[in-house]
Amino acid sequence: MSEQLRYEKLDSSIEKIISSGEFASSGDEQIDALARLASGLRGLPSAEFKARLAAEFRKEGRSNLSRVTALAPFTWLVRQRAFAAAGGTCGLAAGACCVSGAIASVTGLATAAAVTNYIHSSIPYFFGFSVVMLLACLAWSLRPQGFTPRAFVVTVRRHGLAFGSAYVAVFGASMALTMAMGLY
Amino acid sequence: MLNAKQLEAERRLIESSQRQPRHFGRLYDRYFERVYGFALTRAGDRTAAEDITAETFRQAFENLPRFEWRGVPFSAWLFRIAANAAADYFKRASREGSLPEAPGPTDDAWESRLIEVETRARLFELVRRLPKEQRQVIEMRFGKEKSVREVAQGMNKTEGAVKALQHRAIESLRARIGDQNE
């Protein structure tokens, strides 16, 4: 078969692939092998589409927001968000007596003296409850790795800072609130 | 399957993109064909594949700071995003009544088609390495779905010359695919 005829036969097979998506045998084994491979090229991405999308990311990559979100403290915080949220919730549990006392005082449900008494007497219980919650969270995060000393050390080293800082920040803020209001 | 050295290089590239978003372009270049190939195999339609690919990379770009390296190829994470983007695409198209045909196979059947995706992506990558004129012919024929006559006009060549270039390009791709498989 002449070269010209082979080109024609392959082109005819390709035309069918492009128009109908179907591969039809030409009766020539070698041409069919090439046409089969060509059928994998159907839907080839256009160079313009690839370049247009790449340009979008180049532009985004230079934006200020992307620079901020790529900063190490931000990425660290994003990765630790579950532990920070758990620590914050425990901190809120510890400071719940302070927050509820402050609300009662502001809304006039209780006098300042009664609120002070309530906070003084109940804070150890709330604090104790938050410690139980902290231990429960620790157990929950240790569960997949098993309750081994090594897993404990690794978990505390990886997530202790996020967990502890969120706990201290929320509990500290609730106490600071009552102190600022002269209730504690 | 990536070896330990390739996985380490991938980890470094991801961490570099997390620190410097402008480096995301390198990840994009590395995975574009695979994500597009995945989207095309899933959707079976160029427009849908382009939408899904764009959405996948947008989400990957947004969520990259949250990505945690666990020694699994980055493509697995991208394919998961692409699978969700494809599901969203079909839901949206179905709501708008513009879905011409049923979406691709179910998730279970999909697993077995990953080899098809990899082969297709490798073919797309090899097209980029063809000599300039052969690449132009293939891109115009398959990427823009132009006829031989239109390609010939665009390249200022005869139709016979375009058919010869097309034949040589596909033969060359076949040889390169064969070399990679050996």
Side-chain angles (χ1 to χ4, degrees), chain A residues 3-15 17-19 21 30-31 33-82 158, chain B residues 17-25 27-29 32-33 36-37 40-41 43-46 49-50 53-54 57-58 61-68 116 119-120 122-124 127-128 135 138-139 141-148 159-160 162-171 173-174 177:
Chain A
E3 285 293 295
Q4 199 61 42
L5 191 59
R6 288 169 56 79
Y7 301 159
E8 290 293 339
K9 273 194 161 187
L10 178 63
D11 186 59
S12 163
S13 296
I14 287 173
E15 202 55 54
I17 290 165
I18 292 173
S19 58
Q30 282 185 320
I31 294 292
L34 293 178
R36 240 179 247 114
L37 183 128
S39 68
L41 289 169
R42 197 167 173 259
L44 180 78
S46 78
E48 285 84 1
F49 166 68
K50 190 180 175 187
R52 203 170 56 240
L53 197 57
E56 193 181 306
F57 296 119
R58 268 201 298 278
K59 200 172 143 195
E60 281 279 326
R62 287 194 212 106
S63 77
N64 288 334
L65 181 66
S66 302
R67 282 185 194 154
V68 170
T69 55
L71 290 174
F74 189 86
T75 54
W76 177 83
L77 200 63
V78 168
R79 276 187 215 157
Q80 300 283 344
R81 63 194 183 285
R158 271 193 195 158
Chain B
S17 303
Q18 285 179 318
R19 282 192 302 272
Q20 302 274 342
R22 65 196 157 88
H23 291 173
F24 184 78
L27 278 175
Y28 172 80
D29 273 340
F32 174 83
E33 273 78 13
Y36 181 86
L40 185 66
T41 311
D45 164 66
R46 178 193 301 278
E50 288 186 354
T53 304
F57 280 109
R58 277 183 204 124
F61 182 76
E62 266 175 39
N63 293 307
L64 193 64
R66 284 189 277 276
F67 176 81
E68 273 187 75
E116 187 186 334
T119 310
R120 199 169 223 169
R122 212 165 46 181
L123 200 54
F124 291 166
V127 169
R128 282 198 285 170
R135 193 184 68 233
I138 296 298
E139 282 179 352
R141 282 293 270 149
F142 293 92
K144 293 180 181 166
E145 296 184 8
K146 288 193 183 293
S147 67
V148 168
E159 288 185 32
V162 168
K163 285 175 189 173
L165 278 169
Q166 175 177 260
H167 189 277
R168 277 202 288 277
I170 291 170
E171 264 192 336
L173 286 173
R174 190 179 169 214
I177 281 264

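Labels below follow one simple rule: chain letters A, B, ... track the order of the sequence lines, proteins then strands, and each chain is numbered from 1. For the numbers below, each heavy atom of this structure counts, side chains included, while hydrogens, waters and symmetry mates do not.
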Review point. Measuring heavy-atom distances to chain B, does A/Glu48 have an atom under 4.5 Å in its side chain, in its backbone, in both, or in neither?
Key: side chain
Revision key, fill the gap. Okay, A/Ala54 and chain B: the region with an atom under 4.5 Å from a heavy atom over there is both
Largest heavy-atom contact set with chain A, pairs under 4.5 Å, which of [options]:
options	value
B/Arg128, B/Glu159, B/Gln166, B/Arg120	B/Gln166
B/Tyr28, B/Phe24, B/Phe57	B/Tyr28
B/Arg58, B/Glu33, B/Glu145	B/Arg58
B/Ala169, B/Ala54, B/Ser147, B/Gly25	B/Ala54

Check your understanding: Charged N to carboxylate O under 4.0 angstrom, B/Lys146 versus B/Glu139?
Key -> no
Looking at every non-hydrogen atom in both residues, tell me the closest pair between [X] and [Y] and how far apart they are.
X	Y	result
A/Gly40	B/Phe124	O-CE2, 3.6 Å
B/Arg174	A/Leu37	CA-CD1, 3.7 Å
A/Ile17	A/Ala35	CD1-O, 3.3 Å
B/Tyr36	B/Glu50	CE1-CG, 4.0 Å

Exercise for review: Take B/Leu165 and B/Arg141 through the test side-chain contact (heavy atoms from CB on, under 4.5 Å) and record every step on the way to the result.
Suggested key: CA-CA 11 Å; B/Leu165 278 169; B/Arg141 282 293 270 149; over 6 Å; no
Point to revise | Region of B/Val162 that comes under 4.5 Å of a non-hydrogen atom in chain A | key: neither
Point to revise | Region of B/Ile170 in contact with chain A, defined by heavy-atom distances below 4.5 Å | key: both
**Study point:** Atom pair CD1 (A/Ile18) and CZ (A/Arg42), whose distance is rounded to the nearest 0.5 Å
**Key:** 8.5 Å
**Study point:** Top of A/Ser46, A/Ser19, A/Pro45 for chain B proximity - count of heavy-atom pairs under 4.5 angstrom
**Key:** A/Pro45
